[in-house]
Amino acid sequence: MHGGGITPGAGSLRLSDDFEPGSTSTPHGTSRESTLIRTLSADGLARLHDSMAADVVAGLLPGLVTLVACGDDVHVDTIGTPSFADDAPLARDAIFRIASLTKPITAVATMSLVEEGLLRLEEPIDELVPELADRRVLRAIDAELDDTVPANRPITLEDLLSFRFGFGSVMAPPDSYPIQRAEAELGLQSIGGPPWPPVAHDVDGWIGALGSLPLMSQPGEQWLYNTAAQVLGVLLARACGQDLESVLRERIFEPLGMVDTGFTVAAEQLSRLTTFYRPDPETGELSVLDDAVHSWWSAPPSFPDASGWLVSTIDDYWSFVSMLSAGGTGQGERILSPATVALMTTDRLTSSQRDASALFLGEHGGWGLGLEVPAGGSSDQPLPCGIGWDGGTGTTWRSNPGSGVTGILFTQRAATSPAPPPVVEDFWAGVNAATATP
């Protein structure tokens, strides 16, 4: 990890002294005693390695990197190669497209502005995002675009962070509803298909196009995936008077030493970028979606997508995750207060909102402010029930606030549905076995 913390090389590693896993300031009141009950099992980690290696040998993907942490014991494992065309061993500093693992970073940056008093959770976003003021709302999801009613109230910042502002992914085949067709015609790439290739809009053009559409539901009523994080990126940039990457760099990346995280890979670092594959939906055969030579990430995007366009490394992302696990402080820098982290990691959904979102959140998942959290009464479930999220490029992260166990998996095999692919299921089964209470 850059700027201190864990040292290079795979294996079991110890964190620097300024990181205190399990301090009383960690989310959900995790205590030092609870986080140190468990230890990483050498046999369990070996079985996890073998399981992950078997998926690579089977050709499901060229390579992957795993991180499993328990208290101050952190184990990183790199397996395979950066691509099927490159037989060099996958390096620990390989750069991955982290997709929706971008969302929690966006949320943390937003909450840092809330802490400073520049934003308020209950505040309407109308002043910063006037394109979304005075909303109309579809009478029903299948209604024509002019069949609307007035919004009951303005959209607030909390609505965006809790993904309940009224617009997001539609769980229906493309072109099923007029709103899907209109969104596709505008090129927003927000509610149905993947976010790649990058949209042609610039920031103002994208939010203006979104503002031409009605909401799908009243603000606060439903949890709808993805679009809220994109709007947050627009709001952050405008609130700070900077481009989004500068906001994230100043508030998160630089303080935490995340030198390889951003919306673009510099030309001199492209050799470290892994190749991104997608499976054929019928045959499962993999084809290249993006590689270092012709990468979409080799140039700054016209619309920095705060929902899923960041790249990162395993150590960079662990720096971010361990900061949250330590109550908002990492690398000796306070990013958020413990109270703010606790607020972010508390479920804000009603039971009916969770039930309607089970395809995304699973049986035991809820949603806090910008990331998944355990639903009420579900915190004693095994991982992946926990704090974190998943990315459509084959990335996943969860931290269990009760046990202090964290798992992070980076691959570059595109997910084809909200359900986790087999390699992700294998990873969580292996993490739980490797961290089971003796």
Side-chain angles (χ1 to χ4, degrees), residues 1 6-13 40 42-69 74-99 101 196 260-261 265 269-280 283-295 297 310-318 384 390-398 406-416 420-434:
M1 185 179 297
I6 54 181
T7 55
S12 295
L13 305 163
L40 297 181
D43 289 343
L45 290 171
R47 289 193 295 272
L48 172 62
H49 170 89
D50 290 345
S51 175
M52 296 289 94
D55 288 333
V56 172
V57 170
L60 297 182
L61 65 174
L64 54 87
V65 57
T66 65
L67 181 147
V68 184
V74 182
H75 183 90
V76 174
D77 193 14
T78 57
I79 300 172
T81 63
S83 76
F84 287 117
D86 184 352
D87 60 3
L90 182 67
R92 178 167 172 158
D93 68 351
I95 296 172
F96 290 79
R97 305 153 191 81
I98 63 172
L101 292 192
W196 41 76
D260 291 317
T261 304
V265 181
Q269 302 298 335
L270 278 171
S271 62
R272 295 165 51 201
L273 181 64
T274 53
T275 297
F276 181 26
Y277 295 87
R278 62 178 164 192
D280 183 280
T283 67
E285 183 178 354
L286 295 177
S287 60
V288 173
L289 186 59
D290 186 78
D291 61 18
V293 177
H294 308 99
S295 180
W297 281 264
L310 288 177
V311 297
S312 192
T313 64
I314 195 70
D315 285 331
D316 271 14
Y317 207 76
W318 170 239
D390 307 310
T393 51
T395 56
T396 187
W397 151 52
R398 293 294 190 286
T406 286
I408 305 173
L409 169 68
F410 280 6
T411 81
Q412 294 290 263
R413 177 191 167 109
T416 55
V423 65
V424 173
E425 293 183 333
D426 293 345
F427 172 68
W428 290 121
V431 170
N432 288 324

message: Aromatic contact between Tyr317 and Phe96, with the criterion being ring centroids under 6.0 Å apart: yes or no?
response: no
- prompt: Who pairs with Trp428 by ring-ring contact (aromatic ring centres under 6.0 Å, His included), at least two apart in sequence or on another chain?
  reply: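 Residues passing ring-ring contact (aromatic ring centres under 6.0 Å, His included) with Trp428: none at all.
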message: Using the ring-ring contact (aromatic ring centres under 6.0 Å, His included) criterion, which residues pair with Phe427? Sequence neighbours excluded.
response: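 Phe427 satisfies ring-ring contact (aromatic ring centres under 6.0 Å, His included) with no residue once adjacent residues are dropped.
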query: In this structure, are over 12 heavy atoms from other groups packed under 6.0 Å from Arg413 atom CZ?
result: yes
message: For the CG atom on Asp87, are there more than 12 heavy atoms of other groups (residues, nucleotides or ligands in this structure) within a distance under 6.0 Å?
response: no
Write down the atom of [X], the atom of [Y], and the distance for their closest heavy-atom approach.
X      : Y      : value
Asp290 : Ser295 : OD2-OG, 2.8 Å
Ala94  : Thr313 : O-CG2, 3.5 Å
Ala99  : Gly392 : CB-N, 3.4 Å
Pro384 : Arg398 : O-NE, 2.9 Å
Pro279 : Thr416 : CG-CG2, 3.6 Å
Val68  : Val431 : CG2-CG2, 4.0 Å

- request: Run the numbers on Met52 and Leu48 for side chain to side chain contact (heavy atoms under 4.5 Å, CB included), then give the verdict.
  value: CA-CA 6 Å; Met52 296 289 94; Leu48 172 62; 4.0 Å; yes
- prompt: Residues in side chain to side chain contact (heavy atoms under 4.5 Å, CB included) with Val57, at least two apart?
  reply: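 With neighbours one apart ignored, the set is empty.
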field: side chain to side chain contact (heavy atoms under 4.5 Å, CB included) partners for Ala91, two or more places apart
entry: Asp93
query: Can you name the side-chain hydrogen bond (donor to acceptor under 3.5 Å, both in side chains) partners of Thr66, sequence neighbours left out?
result: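 Checked Thr66 against side-chain hydrogen bond (donor to acceptor under 3.5 Å, both in side chains); zero matches.
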Qualifying residues under side-chain hydrogen bond (donor to acceptor under 3.5 Å, both in side chains), relative to Gln269, sequence neighbours excluded: Arg272
Could you measure the distance from the [atom1] atom of [X] to the [atom2] atom of [Y]? Nearest 0.5 Å is fine.
X      : Y      : atom1 : atom2 : answer
Leu101 : Thr393 : CG    : OG1   : 7.0 Å
Thr395 : Ile98  : OG1   : CD1   : 7.0 Å
Asp260 : Ile314 : CG    : CD1   : 12.5 Å
Ile79  : Leu64  : CD1   : CG    : 5.0 Å
Leu273 : Ile95  : CG    : CD1   : 6.5 Å
Thr275 : Asp86  : OG1   : CG    : 7.5 Å

Strictly distance-based, threshold 3.5 Å: is any side-chain N or O of [X] a donor or acceptor partner for the main-chain N or O of [Y]?
X      : Y      : value
Thr406 : Ala69  : no
Arg97  : Thr274 : yes
Asp291 : His294 : yes

- prompt: Tell me, do Leu45 and His49 make a side-chain contact under 4.5 Å, heavy atoms counted?
  reply: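 Leu45 does not reach His49 side chain to side chain.
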- prompt: Can you find a heavy atom in the side chain of Val76 that is under 4.5 Å from one in the side chain of Trp318?
  reply: no
message: Name the residue from Asp77, Thr78, Asp315 that meets the side-chain hydrogen bond (donor to acceptor under 3.5 Å, both in side chains) definition with Arg92.
response: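 Answer after filtering Asp77, Thr78, Asp315: Asp315.
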